[in-house]
2 protein chains.
Amino acid sequence: MKSLTIGRAARLGGVGVETMRFYEREGLIPEPPRTFSGYRQYPQETVSRVRFIKRAQELGFTLKEVRELLSFRASPRASCRDVKEKAGIRMEDIDRKIEDLRRMKRALSKLMAACEGRGSVSECPILDAMER
Amino acid sequence: MKSLTIGRAARLGGVGVETMRFYEREGLIPEPPRTFSGYRQYPQETVSRVRFIKRAQELGFTLKEVRELLSFRASPRASCRDVKEKAGIRMEDIDRKIEDLRRMKRALSKLMAACEGRGSVSECPILDAMER
DNA sequence: CTTGACTCCGTAGCACGGTACGGAGTATAT
DNA sequence: ATATACTCCGTACCGTGCTACGGAGTCAAG
């Protein structure tokens, strides 16, 4: 099992070098051992961990939540239910966000439909609707 | 037409005093005249401007975009079409965001469905899916 | 006239997730 | 041997939209 330099680990994890160091500062990946000259030596495991983080982000989890998920993973006391609960919170948040965006979309498309797209701004129904 | 202190204008605009000063720094509202002792004296107009900003935000516009909309409003060279164009960009962005969220939602609900919600984390399908 | 609410200013901080800088030392390929 | 690429560290900065602080001065009501 050979270890990886930060650059290689970053490439394999799909992030930048600075992001690796950022994750370390944030406690998302453990501090790796160092070479004699101070270079970080990452085990393969850290690469999967970085990918875990990225995948969780794609599902909408914040880094704070990712930290929790990671701590669940580490603790044998944690149950599947804890994870599902977090996922449920995520879901609700996603639903809320979708709803907000739909509202915006409806309002905006109504305004856009009212706007012919010609004439001066002084008669623009879009701006008009916002003015008052 | 009497002028308003920052506190009154803020209340009427539905924002905080600090927000008024922030908007001024950001060039979103004009610098008002001052009293002898340095107090800002806002015309009613500024209140509508603040409300304009708030409404545009509700439609998903960033403050940067709001600045553009405001400059359209000010310039007689700008046309309704410019505004509609910005609104179109907003729409596309909203659609993209909704799509992203839907993707997350789909993925997440699939994972949640696979998870019974009991047992140890070591067998949690949600975490499993993220690990690799 | 006093009290309390308001205002002034500049600067700093928050959350979020990174990104960049710069000067030094180290590793690697040729 | 040398050129090039990589790594180290601390700190500062990005964008987004505010929010907070603190000490001093001012205004309005009673």
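Sequence lines set the chain letters: A, B, ... in the order given, protein chains first and strands last, and positions in each chain run from 1. Just so we're clear, the structure is a prediction, and the values are computed from it rather than from any experiment. Quick note: numbers below take in every heavy atom, side chains included, and nothing from hydrogens, waters or symmetry partners.
The phosphate of C:dC9 (OP1 or OP2) has a side-chain N or O of B:Arg34 nearer than 4.0 angstrom. Residue B:Arg40 has no polar side-chain atom (N or O) positioned under 4.0 Å from OP1 or OP2 of C:dT7.
For the side-chain hydrogen bond (donor to acceptor under 3.5 Å, both in side chains) with A:Lys97, the lone residue among A:Asp100, A:Asp93, A:Asp95 that qualifies is A:Asp93. When each of B:Lys86, B:Arg90, B:Gln57 is checked for a side-chain hydrogen bond (donor to acceptor under 3.5 Å, both in side chains) with B:Glu65, only B:Arg90 meets the rule.
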Nucleic acid footprint by protein, nucleotides 24-30 of chain D - heavy-atom cut-off 4.0 Å, B for base, S for sugar-phosphate alone: -BBS---
Reading 5' to 3' through nucleotides 10-22 of chain D, protein heavy-atom contacts under 4.0 Å coded B for base, S for sugar-phosphate only, - for none: B------BBBBB-
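To the nearest 0.5 Å, atoms CZ (B:Arg73) and SG (A:Cys124) are separated by 11.5 Å.
Counting non-hydrogen atoms of other residues, nucleotides and ligands closer than 6.0 Å to CZ of B:Arg106 gives a total above 12.
Atom-to-atom, CE of A:Met20 to C1' of D:dC6 comes out at 15 Å; the value is rounded to the nearest Å. A:Lys2 places its NZ atom 16 Å from the C1' atom of C:dA27, with the value rounded to the nearest Å. A:Glu24 places its CD atom 13 Å from the C1' atom of D:dT7, with the value rounded to the nearest Å.
Both A:Leu69 and A:Leu63 belong to a common hydrophobic cluster when Ile, Leu, Val, Met, Phe, Trp and Tyr are linked at side-chain heavy-atom distances under 4.5 angstrom.
Within the 4.5 Å cutoff, the side chain of B:Asp82 has no heavy atoms near those of the B:Glu68 side chain.
Under 4.0 Å is where a charged nitrogen must lie from a carboxylate oxygen, and between B:Glu58 and A:Arg103 no such pair does.
In this structure, the side chain of A:Arg49 engages the main chain of A:Leu28 through a donor-acceptor pair within 3.5 Å.
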